[in-house]
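These notes are about the structure you will find just below.
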Amino acid sequence: SSENYNQRNHANLSSENYNQNHIRRDHANLSIKPRVGYVYAYGYWEQQANSLLSLLTLHCWAGHLNASLSVVAPFYHDGWSMTVSQLRKSSAPQFSDLFDLETWNHVTKRKYGVELVPWSHLLNKAQMKLITVEIIYWWDKSQDAHGLNQSERITSGCKWEIENDDSKVTSFFYIVRRACINLSFGDKLTSKEFNNHVFGSYSPAEVSIIFQEWRSISSLPFRIPIGMDCGDQEALYAEAIVPSSSMLQLASKYKQIYLNNSNYIAVMVRIEQAAITYPLPLIEAFLEKVLNASSNLIQQYGISNILLSMDIGRFGSATLQSKPLLSLGLSFFEKVTGNKNDISVWEKSFESVAGKTEPAVIARLQSTLVAQSTCAILAGGGMFQFQTALTYRSFHRNNYTCLIEIH
């Protein structure tokens, strides 16, 4: 219960002096090098493309603290960005497998004074004192908040105990504070008030911070509305997102094996995003528009090689569950490929090159291939399409007369 959580929290805080003495003694006895503060999240709520915006705002928040904090890079699992203990021990791809870390850090250090570092940095250098932070973004209506003042509402309802997600966390850290921030009642917080709830009496420079789930700093619903100026996120996004060298190597390998290193037309369709814009009866007409655009490009440029990227199948959108949408997607797939390829063969082509079945890797490989195409049709909209269009323009040095976007 929330009451028991708070009792444990107070008990933990009451042992703060013991923990500080224990840490000092360990430092003296073991000659442990001075440690620095890190911040990371167990999850970023949204899938790969959108979660990068959340990651940028985590840099923004850390930078505003003026405490020389670094952000820990996420892993990817089932298309989602997360830092979860069990993934540390597996072959789960990391941020640097998908994106160029040097470019990202060049942008974030210039803008926020904060860099993204691998998980190993945290284990080797992190502050041993840890604050865990649970943010509640929507309220369980079965909970009764009647009669609670604002301070009580904002610190009510938390149940997360990091030990349940990561049983070895106490091997690395001493948990000195469990912070609870309930944003679901619509109470407005300034960035200062938010930080006070996170850190309590601690200085940001003397701790590491783990958020159970971090979402973008934004006035949009179910985010963190603390009014912090993080700059033009889309402009920073455009500058910071560059495929990693390993991803570029995979794209070259795919083009050699499956596209004969020839010119090709890429067709990327995000059916899930299209369904947000169009009612179901109009999706078929939308897909027909994409087919006509691809036929026109084939005739205009005399290019027969077609690369298809879609959010269906094993590596598609994790939330694309509607049978009517899947049926339309499969029909479109058959029309584009001329019934030549079974969808499993198409999926296997990316899997065999990537050497992984992680959807985030396959999606990033497809996006890189689309960006390197001679001509590209991007249809459906959404952040993934936006990201791919940015990369296309970068590869083509802003000469993108052969890029068609259909929203």
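Computed from heavy atoms alone, side chains included, the values below leave out hydrogens, waters and symmetry copies. Note that the numbering runs from 1 along the sequence shown for the chain.
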### Task
Start with the C-alpha distance between Leu365 and Leu369, add both sets of side-chain angles, then the distance that settles side-chain contact (heavy atoms from CB on, under 4.5 Å), and finish with yes or no.
CA-CA 6 Å; Leu365 173 58; Leu369 286 165; 4.0 Å; yes
### Query
Under 30°, 30 to 60°, or over 60°: which ring-plane class applies to Phe99 and Phe95, parallel, tilted or perpendicular?
tilted
### Message
Pairing donors with acceptors under 3.5 angstrom, does anything connect the side chains of Asn50 and Trp45?
### Response
no
### Query
Considering all heavy atoms of both residues, which atom of Ala49 and which atom of Tyr237 are nearest to each other, and what is their separation?
O-OH, 2.8 Å
### Check: Thr357 and Phe315 side chains under 4.5 Å, non-hydrogen atoms
yes
#### Entry: Stepwise side-chain contact (heavy atoms from CB on, under 4.5 Å) check, Leu378 with Arg270
CA-CA 8 Å; Leu378 310 182; Arg270 316 307 290 173; over 6 Å; no
### Task
Apply salt bridge (charged side-chain N to carboxylate O under 4.0 Å, His left out) to the pair Glu239 and Arg110, showing each step before the final yes or no.
CA-CA 12 Å; Glu239 191 179 353; Arg110 186 192 71 227; 2.9 Å; yes
#### Entry: Whether Tyr112 and His59 hold their rings parallel, tilted or perpendicular, with breakpoints at 30° and 60°
tilted
### Task
Decide if the gap between the ring center of Tyr42 and the ring center of Phe211 is smaller than 6.0 angstrom.
no
### Message
A side-chain contact here means heavy atoms from C-beta on lying under 4.5 Å apart; do Thr368 and Leu248 qualify?
### Response
yes
### Task
Evaluate side-chain hydrogen bond (donor to acceptor under 3.5 Å, both in side chains) for Trp104 paired with Ser96, printing each intermediate quantity in order.
CA-CA 10 Å; Trp104 176 278; Ser96 57; over 6 Å; no
### Query
For the residue pair Pro118 and Gln94, what are the closest heavy atoms and their distance?
CB-OE1, 4.4 Å
### Message
Counting C-beta onward and ignoring hydrogens, is there a side-chain heavy-atom pair between Thr391 and Val242 closer than 4.5 Å?
### Response
no
### Pairwise side-chain contact, Val353 with Tyr258, heavy-atom cut-off 4.5 Å (strictly under)
yes
### Message
Show the nearest heavy-atom pair for residues Ser70 and Val114, with the distance to one decimal.
### Response
CA-CG1, 4.3 Å
### Task
Return the orientation label for the Phe286 and Tyr278 ring planes: parallel under 30°, perpendicular over 60°, tilted otherwise.
tilted
### Message
So Lys289 and Glu284, do their side chains get closer than 4.5 Å, heavy atoms only?
### Response
no
### Query
Considering only heavy atoms from C-beta outward, does the side chain of Val71 approach that of Leu55 to under 4.5 Å?
yes
### Task
Report the C-alpha distance between Tyr254 and Ser349 in whole Å, list the side-chain angles of each, state the deciding distance to 0.1 Å, and finish with yes or no for side-chain hydrogen bond (donor to acceptor under 3.5 Å, both in side chains).
CA-CA 8 Å; Tyr254 188 96; Ser349 69; 3.0 Å; yes
### Message
Between Arg177 and Glu134 (salt bridge meaning N to carboxylate O under 4.0 Å), is one present in this structure?
### Response
no
### Query
Can a donor-acceptor pair be found between the side chains of Ser184 and Asn182 at a distance below 3.5 Å?
yes
### Query
Any sub-3.5 Å donor-acceptor pair from Asp97's side-chain atoms to Ser246's backbone N or O?
no
### Summary
When rounded to the nearest 0.5 Å, the distance separating SG of Cys60 from CE of Met228 is 5.5 Å
### Neighbour count above 12 (heavy atom, 6.0 Å) for Asp232 CG
yes
### Query
Are the aromatic ring centres of Tyr40 and Trp119 under 6.0 angstrom apart?
yes
### Task
Measure the spacing between OG1 of Thr108 and CG of Leu58 and express it to the nearest 0.5 Å.
11.0 Å
### Task
Would you tell me whether Glu405 and Gln385 have side-chain atoms, one donor and one acceptor, within less than 3.5 Å of each other?
yes
### Message
For Pro221 versus Arg223, what's the shortest heavy-atom pair and its separation?
### Response
O-NH1, 3.0 Å
### Rounded distance (nearest 0.5 Å) linking atom CD1 of Ile154 with atom NE2 of His197
4.5 Å
### Query
Going by heavy atoms in the side chains, are Cys158 and Ile136 under 4.5 Å from each other?
yes
### Message
Please report the interatomic distance OG(Ser208) to OH(Tyr38), rounded to the nearest 0.5 Å.
### Response
8.0 Å
### Heavy-atom check, side chain of Thr190 versus side chain of Phe194, under 4.5 Å
no
### Task
Return the minimal non-hydrogen interatomic distance between Leu307 and Val370, and the atom names on each side.
CD2-N, 3.9 Å
### Query
Should Met268 and Ile377 be marked as a side-chain contact (heavy atoms from CB on, under 4.5 Å) after you check the CA-CA gap, both sets of side-chain angles, and the distance that decides it?
CA-CA 6 Å; Met268 172 185 280; Ile377 300 170; over 6 Å; no
### Query
When you check the gap from the basic side-chain N to the acidic O, do Glu351 and Lys356 get nearer than 4.0 Å?
no
### Task
Determine yes or no for a side-chain-to-main-chain donor-acceptor pair under 3.5 angstrom, with Glu358 supplying the side chain and Ala360 the backbone.
yes
### Query
OG of Ser394 to OH of Tyr392: how many Å apart, nearest 0.5 Å?
12.0 Å
### Query
How about Glu152: does its CD atom have over 12 heavy atoms from other parts shown lying under 6.0 Å from it?
yes
### Query
How long is the gap from OH on Tyr44 to OG1 on Thr57, to the nearest 0.5 Å?
9.0 Å
### Message
Test side-chain contact (heavy atoms from CB on, under 4.5 Å) on Ile271 and Phe332; report intermediate values, then the result.
### Response
CA-CA 10 Å; Ile271 294 181; Phe332 178 83; 5.6 Å; no
### Side-chain donor/acceptor of Thr374 to backbone N/O of Ile265, under 3.5 Å
no
### Task
Is it possible for you to check whether Arg215 lies under 6.0 Å from the centre of the six-membered ring of Tyr137, through NZ or CZ, and within 45° of that ring's axis?
yes
